[in-house]
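Okay, structure first, notes after.
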Amino acid sequence: MASFLLSRLSLVFLIIMFLSVACLANFYNDFDITWGDGRGQILDNGNLITLSLDKNSGSGFESKNEYLFGKLTMQIKLIHKNSAGTVTSYYLSSKGPTWDEIDFEFFGNLSGDPYILNTNVFTQGIGHREQQFYLWFDPTIDFHTYTILWNPHRIIWSVDGIPIREFKNHESRGVTFPKNQPMKIYATLWDAEEWATRGGLVKTDWSQAPFTASYKNFSAEACIVYSGVSSCGDTSNTLGLAPWLSEELDTTSRKKMKFVRNKHMTYNYCSDSKRSPTECKLG
Ligand SMILES: *[C@@H]1O[C@H](CO)[C@@H](O)[C@H](O)[C@H]1NC(C)=O
Ligand SMILES: *[C@@H]1O[C@H](CO)[C@@H](O)[C@H](O)[C@H]1NC(C)=O
């Protein structure tokens, strides 16, 4: 009887331990600061990461896990005031010469002038698929929510829950799509004053350094790949799997996306007459 009670108690104890670990899921568990010599910091019991940049170096962090598909959300607050010449990023990338990559990049600006949000997708090492936006809010005052939805059918970039771009899987029409190479999540803050702001016309004002960007409240619904095996199992048919694996835009979100694109898009590689990429014609 006593030993029965004891094992019951230890079971309860184990469950409590497990639950508290799940609740504490935070930046310590999910990410490593990988460069910047102390300029990147995990703070607030693992709820906040700050990256900073000065004349000597930027900084960055990356996920411990590798993902093959995911709905990966991060809240980011960009550098306040003068951020000219800086680039803040939140992106996914695999490794090697034929890598895949899905990007959110924020090009800084003079105080009061708009950041540019650059989105891009690389498949097998080939990118040049930029679409750029002015944001409809000041991204330096508060945290805003940036989501990459990457499933076998499409990639959707969203800002505060509003989709701004969709890149569909057109493999059947000969357009490569990232779906075989696991990717890690990366976030970086670095300087690119040669080109980032007004094509390099405006340089970084180093008297304002250090520059700081903040990340919090990461959330993931994702397939984690460990030793070549996906936690989602076989995703070649997503029917009956987690809903995000077949998520698509409904009429309402499509309308919202159209509105943002009409009103806030500043560059679209699809409109570049010298290029005319296949996927742009397929819609
Ligand atoms: C910075 O502000 C200028 C002037 O409003 C604008 O032309 C430019 O697109 C803005 N953003 C960047 C990253 O250059
Ligand atoms: C964290 O993000 C989730 C969505 O990913 C959101 O519902 C929640 O309100 C956020 N929490 C805070 C404290 O901002």
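Counting convention: from 1, in listed order, for ligands and their atoms alike. Basis for what follows: all heavy atoms, side chains included, without hydrogens, waters or symmetry-related copies. Small disclaimer: the values here were computed from a predicted structure and weren't measured.
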Margin query: Residue-level breakdown please: for Asn109 versus ligand 1, do any non-hydrogen atoms fall below 4.0 Å on the side chain, on the backbone, on both, or on neither?
Written below: side chain
Next item on the list: Sort out for me which residue in Trp190, Tyr146, Phe211 forms a ring-ring contact (aromatic ring centres under 6.0 Å, His included) with Phe106.
Entry: Tyr146
Next item on the list: For atom NZ of Lys263, decide whether the heavy atoms of other residues, nucleotides or ligands shown that lie under 6.0 angstrom number more than 12.
Entry: no
Item checked: Salt bridge present between Glu279 and Lys168 (N-O < 4.0 angstrom) -> no
Checklist line | Region of Pro114 that comes within reach of ligand 1 [heavy atoms, distance under 4.0 Å] | finding: both
Notebook entry, point to check: Just one of Arg154, Arg129, Gln131 clears the side-chain contact (heavy atoms from CB on, under 4.5 Å) bar with Phe167, so which one?
Noted result: Arg129
Next item on the list: Test Phe107 against every option in Tyr267, Trp195, Tyr134 by the ring-ring contact (aromatic ring centres under 6.0 Å, His included) rule and name the one that passes.
Entry: Trp195
Checklist line | Lys64 and Asp32: CA distance, side-chain angles, deciding distance, salt bridge (charged side-chain N to carboxylate O under 4.0 Å, His left out) verdict | finding: CA-CA 7 Å; Lys64 293 184 198 284; Asp32 291 312; 2.7 Å; yes
Notebook entry, point to check: Between Tyr90 and Phe104, what is the ring plane arrangement, given parallel below 30°, perpendicular above 60°, and tilted in between?
Noted result: parallel
Check: Looking at Phe107, which atoms of ligand 1 are within less than 4.0 Å of one of its heavy atoms?
Finding: 13 (C)
Next item on the list: State plainly whether the residues Lys203 and Glu193 are in salt-bridge range, i.e. N to O under 4.0 Å.
Entry: no
Item checked: For Thr197, atoms of ligand 1 separated by under 4.0 Å from a heavy atom -> 14 (O)
Checklist line | Whether Ala196 lies under 4.0 Å from ligand 1, heavy atom | finding: yes
Next item on the list: Using distance alone, decide if ligand 1 has a nitrogen or oxygen within less than 3.5 Å of any nitrogen or oxygen in Tyr115.
Entry: no
Next item on the list: Decide whether the shortest distance between a heavy atom of Gly108 and an atom of ligand 1 is less than 4.0 Å.
Entry: yes
Margin query: Suppose I only count heavy atoms of Tyr134 and a 4.0 Å limit; which atoms of ligand 1 are within that range?
Written below: 6 (C), 7 (O), 8 (C), 9 (O)
Could you tell me, for ligand 2, which of its N or O atoms are under 3.5 Å from any protein N or O, listing the pairs and their distances rounded to 0.1 Å?
unit_1: ligand 2; atom_1: 2 (O); unit_2: Asn217; atom_2: ND2; d: 2.4
unit_1: ligand 2; atom_1: 5 (O); unit_2: Ser219; atom_2: OG; d: 3.3
unit_1: ligand 2; atom_1: 11 (N); unit_2: Asn217; atom_2: ND2; d: 2.7
unit_1: ligand 2; atom_1: 14 (O); unit_2: Gln75; atom_2: OE1; d: 3.2
unit_1: ligand 2; atom_1: 14 (O); unit_2: Asn217; atom_2: ND2; d: 3.4

Next item on the list: Assign the ring pair Phe259 / His264 to parallel, tilted or perpendicular, where the plane angle (0 to 90°) is split at 30° and 60°.
Entry: perpendicular
Item checked: Heavy atoms from other residues, nucleotides or ligands near CG of Asp37 exceed 12 (cutoff 6.0 Å) -> no
